[in-house]
Amino acid sequence: MIGFVGGLGVAVPTGTASRQDGALRVRQRCVPLARQTRRAAVRMTAVAPSQTPATAEPGRSAGVKKLGVLLLNLGGPERPEDVQGFLYNLFSDPDIIRLPRLLSPLQSFLANEIARSRAPKSRAAYESIGGGSPIVRITNQQASALEDELLARGYSAKVFVGMRYWHPFTEEAVEEIKAYGPDRLVILPLYPQYSISTSGSSLRVLDRLFKKEKEAFSPLKIDHTVVPEWYQRPGYVHAQAKLIKEQLATLTDEEKKSTKVMFSAHGVPESYIEAGDPYQQQIEECCKLIMQEVEDTDWTLSYQSRVGPVQWLQPYTDVVLEELGKEGLQNLVVVPISFVSEHIETLEEIDIEYRELAHESGIKKFLRVPALDCNPDFVKDLADMSLEALEKPSLRVGEAMNLSIKGDAQDPADMPDVDIAFGFNNSAETLNGRLAMLALAALTSANFVSGQGMNMFSNLLH
Ligand SMILES: C=CC1=C(C)c2cc3[nH]c(cc4nc(cc5[nH]c(cc1n2)c(C)c5CCC(=O)O)C(CCC(=O)O)=C4C)c(C)c3C=C
Ligand SMILES: [Fe+2]
């Protein structure tokens, strides 16, 4: 259903949780024909591993009749006209922007305003990489490669993709899983390190959907288990280390004397870490494990893609780049670490913005380690972790989504609010309608009361 919010004249779907889905387009999941054909063939010919195991393991996984694997990911706009809807969905997520509880009814309205104001800048960034995000295409390819690997190991398996903020939404994947009817389902967020804002958010959506479809997803029918984090897996660590070594091998011995590896992780606000998000600790441990394999190269870790002026995890990648340039560093190998496919923040932020900044700062060679995408070692490890998960006691979605949250705050609603502050300035003037002013007044006074900063919202806007 499409409704109008706050007299803004902006069409916003007001159906399921007011999520935007691309202006009522009926979209098919983009699956290459060859893959569809292959999948159909697989359904007819695949046999249970107990009949013809290739590298099938003993134990519970051997008894699986029909295996489902659900890959959870963020999603991204595929076309310029998708950008605003995608941003709306992202900013509507209370795991991304948590308003004080009293103001939470305004979330949808504010998300709409932020999305509308930010869309031109984001659209330009997506246009510089071809008009849209490659995430859906690459995640589908990863799903296909993983499915092939599982089939090659003798499992009758199907891999599904559920995105958090754009098509194919998790709801679509849940429908597909229901139709397939696996007896075991492995849920695999495609984020190596767990964050409340990524895996946590996706799992919360899935938990709601499973509760809605209680009968179909009863553990007696579909016995599901979650792999909540996998940053420390030797297979993944090895695949990352190998890619770094390949970049280092392109440098001469002379160049290697002034070379650093720089891991650049997507940031989160510091308040998340204070709320118990294990993300920073897992990122740090992950980098250490990778560098134990790479050896003999200096390395550093920084955080990119901050939004707004609240404190995000530091040091910031742009600041570190300038410092390294000042110190006279000649060569840099940049490693995107928190995401396993190419996306706007590797292709635009690192490859274009940071490259330019590095050169301006005096760094001569700027190499970038490619994202894992369909790297064969990585795909094998995805298969290994799916099958190993079947051997362990099941970890249910409801448990996995709260794993990270400290102390008694098992309900995310009990977590501290993410600081949002407002300012009456040029950006504030872009808000329109009486509801906007109401929201603004409410939030401004809320932040005056709490003594927090003034500018986050205006910076989210631009
Ligand atoms: C592990 C990875 C990620 C974390 C943690 C994360 C947290 C986080 N992100 C935002 C705001 C935005 N993220 C955007 C895009 C985006 N984010 C991630 C990953 C993580 N986000 C990816 C892979 C992408 C790219 C998707 C693509 O289309 O390629 C965007 C939109 C782009 C833009 O306008 O800059 C925003 C906004 C917050 C606020 C946050 C933690 C609270
Ligand atoms: Fe993000």
Side-chain angles (χ1 to χ4, degrees), residues 72-80 82-98 110-111 114-139 163-167 189-202 229-231 263-273 275 277-280 282-283 286 303-313 336-351 353 371-373 404 412 415-420 456-457 459-462:
L72 295 174
N73 208 344
L74 186 125
E78 289 178 278
R79 311 169 306 172
D82 296 341
V83 170
Q84 191 172 328
F86 163 75
L87 289 175
Y88 170 83
N89 293 338
L90 189 130
F91 289 118
S92 302
D93 179 359
D95 285 317
I96 290 285
I97 294 187
R98 186 178 306 282
L110 291 173
I114 301 170
R116 198 169 56 83
S117 307
R118 192 180 169 89
K121 184 185 167 199
S122 286
R123 209 174 285 123
Y126 282 108
E127 257 151 24
S128 76
I129 63 162
S133 170
I135 282 183
V136 177
R137 176 176 51 81
I138 297 170
T139 311
M163 299 295 194
R164 179 66 184 84
Y165 304 117
W166 206 243
H167 294 273
L190 277 179
Y191 306 96
Q193 307 86 11
Y194 186 101
S195 168
I196 295 164
S197 61
T198 55
S199 308
S201 172
S202 277
E229 63 212 14
W230 37 274
Y231 64 94
F263 292 94
S264 186
H266 195 301
V268 294
E270 274 178 0
S271 56
Y272 282 60
I273 308 304
D277 196 329
Y279 179 73
Q280 181 182 21
Q282 294 190 1
I283 287 275
C286 179
Y303 295 90
Q304 65 177 86
S305 319
R306 66 185 183 276
V307 184
V310 293
Q311 293 285 310
W312 282 52
L313 287 178
I337 191 63
S338 32
F339 209 63
V340 291
S341 61
E342 298 295 353
H343 60 286
I344 185 89
E345 284 145 1
T346 54
L347 301 173
E348 198 272 337
E349 198 171 1
I350 298 181
D351 287 356
E353 286 182 43
L372 285 163
D373 287 357
S404 65
M415 281 163 41
D417 301 322
V418 174
D419 303 344
I420 301 270
M456 168 130 177
F457 187 66
N459 281 277
L460 281 169
L461 293 170
H462 296 292

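Just so you know, ligand 1 is whichever comes first in the structure, and atom 1 is the first atom listed for that ligand. Note that the structure is a prediction, hence the values are computed from the model and not measured. The figures here come from the full heavy-atom set of this structure, side chains too, leaving out hydrogens, waters and symmetry mates.
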Fill in: Any Ile283 side-chain heavy atom under 4.5 Å of Leu313 side chain
no

Worksheet item: Is any side-chain heavy atom of His266 closer than 4.5 Å to a side-chain heavy atom of Thr198?
Response: no

Fill in: Check: Ile273 main-chain N/O paired with Gln280 side-chain donor or acceptor under 3.5 Å
no

Worksheet item: Is the closest heavy atom of Pro77 to ligand 1 under 4.0 Å?
Response: yes

Fill in: Which of the ligand 1 atoms, numbered from 1, are nearer than 4.0 Å to a heavy atom of Ser122
33 (C), 34 (O)

Worksheet item: atom 41 (C) of ligand 1: which of Tyr303, Trp312, Tyr279 has the nearest heavy atom?
Response: Trp312

Worksheet item: Does a donor on one side chain and an acceptor on the other come within less than 3.5 Å for Gln282 and Glu229?
Response: yes

Item to complete: Under the side chain to side chain contact (heavy atoms under 4.5 Å, CB included) rule, what do Tyr126 and Ile344 come out as? Steps first, then yes or no, please.
Response: CA-CA 7 Å; Tyr126 282 108; Ile344 185 89; 3.5 Å; yes

Worksheet entry | Parallel, tilted or perpendicular: ring planes of Tyr165 versus Phe86, cut at 30 and 60 degrees | perpendicular

Response to the item:
Here the atoms of ligand 1 under 4.0 Å from any heavy atom belonging to Leu90 are 11 (C), 12 (C), 36 (C), 37 (C)

Response to the item:
Closest heavy-atom approach to atom 4 (C) of ligand 1 among Ile196, Ile138, Ile97, Thr198 is made by Thr198

Practice prompt. Measure Ser338 to ligand 1 on non-hydrogen atoms and call it side chain, backbone, both or neither using the 4.0 Å cut-off.
Written response: both

Discussion item. Using a 4.0 Å cutoff against the non-hydrogen atoms of Gly76, which atoms of ligand 1 qualify?
Written reply: 28 (O)

Worksheet item: Rounded to the nearest 0.5 Å, how far apart are CD of Gln84 and CZ of Arg123?
Response: 6.0 Å

Worksheet item: the Fe ion (ligand 2): which protein N, O or S atoms are under 2.8 Å away?
Response: His266 NE2

Item to complete: Would you check whether Asp95 has a nitrogen or oxygen atom less than 3.5 angstrom from a nitrogen or oxygen atom of ligand 1?
Response: no

Discussion item. Treating Tyr272 as the side-chain partner and Asp95 as the backbone partner, does any N or O pair qualify as donor plus acceptor under 3.5 Å?
Written reply: yes

Worksheet item: So, does Val83 sit close enough to ligand 1 that a heavy atom of it is under 4.0 Å from the ligand?
Response: no

Worksheet item: Of the choices Asp82, Val136, Ile96, Asp93, which has the non-hydrogen atom that lies closest to atom 39 (C) of ligand 1?
Response: Ile96

Worksheet item: So which of Arg306, Met163, Glu342, His266 gets nearest to atom 21 (N) of ligand 1, if we judge by its closest heavy atom?
Response: His266

Worksheet item: Tell me, do Tyr194 and Pro189 make a side-chain contact under 4.5 Å, heavy atoms counted?
Response: no

Worksheet item: If you measure every N/O of Val268 against every N/O of ligand 1, is any gap under 3.5 Å?
Response: no

Worksheet item: Are Ile337 and Gln193 side-chain neighbours, meaning at least one heavy-atom pair lies under 4.5 Å?
Response: yes

Worksheet, complete the sentence: Quick look: Glu345 vs ligand 1, heavy-atom contacts under 4.0 Å, and the answer is side chain

Worksheet item: For ligand 1, does Pro269 get within less than 4.0 Å through its side chain, its backbone, both, or neither, judged by non-hydrogen atoms?
Response: side chain

Worksheet item: Among Glu342, Glu348, Glu349, which residue meets the side chain to side chain donor-acceptor pair (under 3.5 Å) test with Thr346?
Response: Glu342

Worksheet item: Are Leu74 and His343 close enough that some pair of their side-chain heavy atoms sits under 4.5 Å apart?
Response: no

Worksheet item: Do any heavy atoms of Trp166 fall under 4.0 Å from ligand 1?
Response: no

Fill in: Pair Phe339 and Tyr191, ring centroids less than 6.0 Å apart
yes

Worksheet item: Do any nitrogen or oxygen atoms of Ser133 lie less than 3.5 angstrom from nitrogen or oxygen atoms of ligand 1?
Response: yes

Item to complete: Kindly confirm or rule out an N or O of His343 lying under 3.5 angstrom from an N or O of ligand 1.
Response: no

Worksheet item: Does the Ser202 side chain pair with the main chain of Ser199, one donor and one acceptor, at a distance under 3.5 Å?
Response: no

Fill in: For Phe339, atoms of ligand 1 separated by under 4.0 Å from a heavy atom
23 (C)

Item to complete: Just let me know how Ile344 lines up against ligand 1, side chain, backbone, both or neither, with a heavy-atom cut-off below 4.0 Å.
Response: both

Worksheet item: Can you tell me how far the OG atom of Ser341 sits from the CG atom of Leu347, to the nearest 0.5 Å?
Response: 9.0 Å

